[in-house]
Number of protein chains: 2
Amino acid sequence: MSVTLKDVAQAARVSVSTASRALTGTGLTSDRTQQRLVRIARELGYRPNPIARGLKTGQSRLVALLVHNLTNASFQVMAEVVQARLKALGYQMLLCIGGDDPQQESDTLTTLVDHRIDGLIVVPTGKNGAQLKTLAKDVPIVCLVRRDDATDLETVLADDPQGAYLGTRHLIELGHTRIGLIVGRQDTTSGRERLSGYVRALREAGIARDDTLIHAGHYVPETGASCCRKLLDLSRPPSAIFVANHEATLGVLRVTAERNIAIPDDLSLLCYEDMPWFEWHRPAISIVDNGARDLANLAVDRLLHRMDAKGNGSEGVREYRVGARLIKRDSCRQVDTPAPARSAKPKSSSSKSSAAKSAKA
Amino acid sequence: MSVTLKDVAQAARVSVSTASRALTGTGLTSDRTQQRLVRIARELGYRPNPIARGLKTGQSRLVALLVHNLTNASFQVMAEVVQARLKALGYQMLLCIGGDDPQQESDTLTTLVDHRIDGLIVVPTGKNGAQLKTLAKDVPIVCLVRRDDATDLETVLADDPQGAYLGTRHLIELGHTRIGLIVGRQDTTSGRERLSGYVRALREAGIARDDTLIHAGHYVPETGASCCRKLLDLSRPPSAIFVANHEATLGVLRVTAERNIAIPDDLSLLCYEDMPWFEWHRPAISIVDNGARDLANLAVDRLLHRMDAKGNGSEGVREYRVGARLIKRDSCRQVDTPAPARSAKPKSSSSKSSAAKSAKA
DNA sequence: CGATAAACTGCAAACGATTGCAGAAACGCT
DNA sequence: AGCGTTTCTGCAATCGTTTGCAGTTTATCG
C-alpha cells in the first residue's frame, strides 16, 4: 500500500539500515548518500510508519490530554493550546474526555497507556491516585488544575487562593462590605482555596466574616440560582456577589434577571473563570481569570521537560502556581456608602423585586 | 516492562501462537486452554500491545475526529458523542482541531493517516478535496456538517434549508412579516442553504422578500452586532430577527441591550444552534436546533458501517440529512397586528423600553 | 481396535522500522 | 606501499503480535 523504508532502500540500492540511518539523521552516513536518500524518499513519497517505529522504540509520538469535559471554557482553551504546542513538536494530541467520573478516568488511563502514549496531561478526579502513581513509572505525567493528593505528581495549579483574594479585594475596594460568595463544594481543593482567599481578603479589610453570605455547592447553574435566591432573600442582602464558577453564574444571572435586579446598579457581580460571551453580555461581566492559557502552556513545558529528562525525575519542585488576574468589565460598581451598610438601599431593591414579581406572574 | 504475550504463554506452558489465538478468540483453541489462558492473562495483568498488534494487522483502534474548533458548542457535543460511542466499541478517539485552516487541515490529515487511523470523521474546510479523495482509498472517511464538493465522500449534513424554513415559518406564524436575517457568508453551503430556507418560508407565506432585511457575514459576534445595528436603523425595522449562528447572536444581544430593546416585547429573536446558556438567559432564547447530537451519531453509524464493509463501499446514498427542530423558549412573541406592521405597537414597546431604561440607568 | 476426520497446537515468517556488531572502504601518515 | 584510524555500510536480531502451514492430538465411527 504505502511506501516503506525497504522500497526507498531498494530504489537507492542501499540496505534498509543505511536508509534508516540516513533518514533519521543518526549521523552515521556520508553526506552524499544521506542527501540522495532524502531526495529519493521524498520522490517516492515515503512516510515513516509510526507504528512500526513505535514498536521498536517504545514511543508513539502521542501525548494525551485528559479533561473532564469540553463544555468548560477553560478546558477548551487548554485543549487548543496543548494541541498547538504539541503539533509544533511533531506530537499528536489525544484529547480524552473523562467526565469527572473516576471509573471512566480509570478506563481511559488504561487505554492510553496501552497505546504507549509518550506523555500525559491530566485533570485528575482525585479518585485514581494509586493508578496514576503506577502509570507515572512508565509515562511522564503532569497534573493540571487539580491535585491528586494520593500522588506526588508534578502539578500545575491555578492560584485559587490568590484569585479569590484578588476578586474579593476588588469588591472591597469598591466599597462593598457585604459580599456574597457562591463557591464550590468544600471537599474540593478549588472550593476550599477560593473560600480561603475570600476570607483572607475580608480579614485584611477588617470585615467580619458572615457565614450567611457564604454558600457552597456543585458547579452547576441550579446551584447558582438557589444560592443566589438565598442571598437575595436575606434580611440584609449583599451588595455584591462573587460567583466562584462560571456554570453557577448562569443561575445567578437568571435569578437576578427574574427579579429585575439591575447589575451593577442594584448588585455587583464578579465571576471566576472567563467565558467567551461574558464580554458580550450586557453588562460585560467582570471576572477573575484563572489563566487557562498560562496553565496549559506551563503544563506542556513541564511535560516536555520530563519527557526529555527520561527517568531521572524528582528535582524538587512538584507544584506550580499560575497567577490569576482580575479583568474589570462592567458588572461591578463603586458603592455609595463606604461605611458598613445599614439596612441600606431599601428603595431600589424593594421596588425592583416587586417589579420583578409582577413581570414574572 | 509490561507483561507480554510471551510471558503469558510461558506461564501457561503453551506457545505464543496458542496464547494469541486463545486471547483474541480466534476460535481455534479448546475451551479448556482458552479459559485457562484468559485466567492466567488476567492474573498476570496482561494487556495486549496495540502497537505491535497494529503493526501486524494494519489497524490502530484509533478513530479521528477533525473539527474546526472547540468553541463551537455543536462541535463540543459532537466530540462528546463520538468519544462516547467509539469508546464503547473499544476505539480511542483522536480529537483534532483544524481551525478551519486548509493548511492545518492538510497537515493533520497526513499525520493521522501516518498513524494508521482506522477511520475518520471530518468537518472539511473544502479546500483539501484532492487529498481527502486520496486518503479515502486507505481509510474510511465520513464528512460531517460540511460537504467537500471535490469529493464523493459520504457526508452527514444538517438540514439547513429545512431548519431555516422552520424557524422563519415559526416567526411568520407569530405574525411577523418583517423578519431580519443575519446569515453566514454566501460562499459557504450553510450560508446559502439557510438563506434559501428563509426565502422559501417567506414565499410560501406570500411575503415579499426584502433584501434590506438580509445581511450576510462571518460567523463572529462583531458581524452580529453590525448587522443588527443596520437592521434596527432601517426606517422600517424588522419586528423579529433570525440569527443564523450562535456567535453572531452575541453581537445581537449586545446591541439590543445597548439600545434598551426588550426581547421579546420590542423585538423577537430566534437563533440557530444551541448554546448551554441560551436557556438560562433571560429571556431564554428560542432556537433552531441543528441536531448536533443526531449528526454525530449518524456520522459514527456511517463510519462504522464503512469500517465493517471494508473496501466495498459505494452503495448509493452519499448524503444524509439530519432534521433540524425548533425549540421554543421565550425570545419570540406573538405580534399584535397580524397585518403588515405599520410603525405599529408603539404602546407596548415604548412602555417596556422606558422601563428598561430606568432600570438600567 | 484401527482408520479417518476434526480439532487443536506449535513453528516460523511476517509487519516496518531501529540498532549493535562486524566487515569494507576511505583516509592520513610514515 | 603498508598500516592504523576513521567513516560507512550491511547483516541480522529485535520490538510484540498475528497467522499460514504442517504436525499432533483427540474424537468419531464403522
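Below, chains carry the letters A, B, ... as their sequence lines are ordered, and counting in each starts from 1.
- Taking atom CG of Asp114(B) as the reference point, atom C1' of dA17(C) lies 14 Å away to the nearest angstrom.
- Toward the 5′ end of DNA chain C lies the nearest nucleotide of Ala19(B), the other residue of the pair Ala19(B) and Leu55(B) mapping further downstream.
- For Thr33(B), the side-chain atoms get nearest to dT9(C) when compared with the rest of dG16(D), dT19(D), dT9(C).
- Rounded to whole Å, the distance from CD on Gln10(A) to P on dG16(C) is 12 Å.
- Among the heavy atoms of the strands, none lies under 4.0 Å from Arg116(B).
- Look at Arg53(A) and you won't find any side-chain N or O under 4.0 angstrom from OP1 or OP2 of dG16(C).
- Atom CG of Asn49(A) and atom P of dG16(D) are 17 Å apart (whole Å).
- Salt bridge status for Asp148(A) with Lys133(A): absent, with no side-chain N to carboxylate O gap under 4.0 Å.
- Closest-nucleotide positions on DNA chain C for Arg13(B) and Thr57(B) were compared, and the one nearer the 5' end corresponds to Arg13(B).
- Salt-bridge annotation for Asp149(A) and Arg147(A): present, with a side-chain N of the basic residue lying under 4.0 Å from a carboxylate O of the acidic one.
- Defined by atom type and a distance below 3.5 Å, a donor-acceptor pair is present between the side-chain atoms of Arg116(B) and Ser2(A).
- Look at CD1 on Ile51(A): it is 16 Å from C1' on dA14(C), rounded to the nearest Å.
- Classification of Lys127(A) and Glu105(A) as a salt-bridged pair fails, no side-chain N sitting under 4.0 Å from a carboxylate O.
- Here the side chain of Val14(B) is nearest to one of dG16(C), dT17(D), dG10(C), namely dG10(C).
- The closest side-chain donor-acceptor pair between Gln103(A) and Asp107(A) falls under 3.5 angstrom.
- As rounded to whole Å, 13 Å separates atom C1' of dT19(C) from atom CG of Leu5(A).
- Note: NE2 (His115(B)) to P (dG16(C)) measures 17 Å, nearest angstrom.
- Salt bridge status for Glu154(B) with Arg302(B): present, with a side-chain N to carboxylate O gap under 4.0 Å.
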Please tabulate, one pair per line, each protein N/O and nucleotide N/O from nucleotides 20-26 of chain C that are separated by under 3.5 Å, including the distance.
{"from": "dG20(C)", "atom 1": "O6", "to": "Arg21(A)", "atom 2": "NH1", "distance (Å)": "3.4"}

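- Proximity of Ser15(B) to the phosphate of dG10(C): a side-chain N or O atom is located under 4.0 Å from OP1 or OP2.
- End-to-end axis angle of the helix from dC1(C)-dG30(D) to dT30(C)-dA1(D), from C1' rotation axes over five pairs per end: 40° (rounded to 10 degrees).
- Looking at the side chain of Ala52(B), the nearest of the listed nucleotides dT18(C), dT17(D), dG10(C) is dT17(D).
- Backbone-only contact: Pro48(A) has heavy atoms under 4.0 Å from sugar-phosphate atoms and none from a base.
- Salt bridge annotation for Asp114(A)-Arg61(B): absent, with no cationic side-chain nitrogen under 4.0 angstrom from a carboxylate oxygen.
- Here the C1' atom of nucleotide dA17(C) and the NZ atom of Lys56(B) are 15 Å apart, to the nearest Å.
- Between the side chains of Thr18(B) and Ser15(B), at least one donor N or O lies within less than 3.5 Å of an accepting N or O.
- Val81(A) is not listed as a side-chain neighbour of Leu295(A), based on a closest heavy-atom distance of 4.5 Å or more.
- Thr110(A) and Gln131(A) share a donor-acceptor pair across their side chains, judged by distance under 3.5 Å alone.
- Proximity of Thr4(B) to the phosphate of dG16(D): no side-chain N or O atom is located under 4.0 Å from OP1 or OP2.
- Between the C1' atom of dC15(D) and the CD atom of Gln59(A) lies a distance of 13 Å, rounded to the nearest Å.
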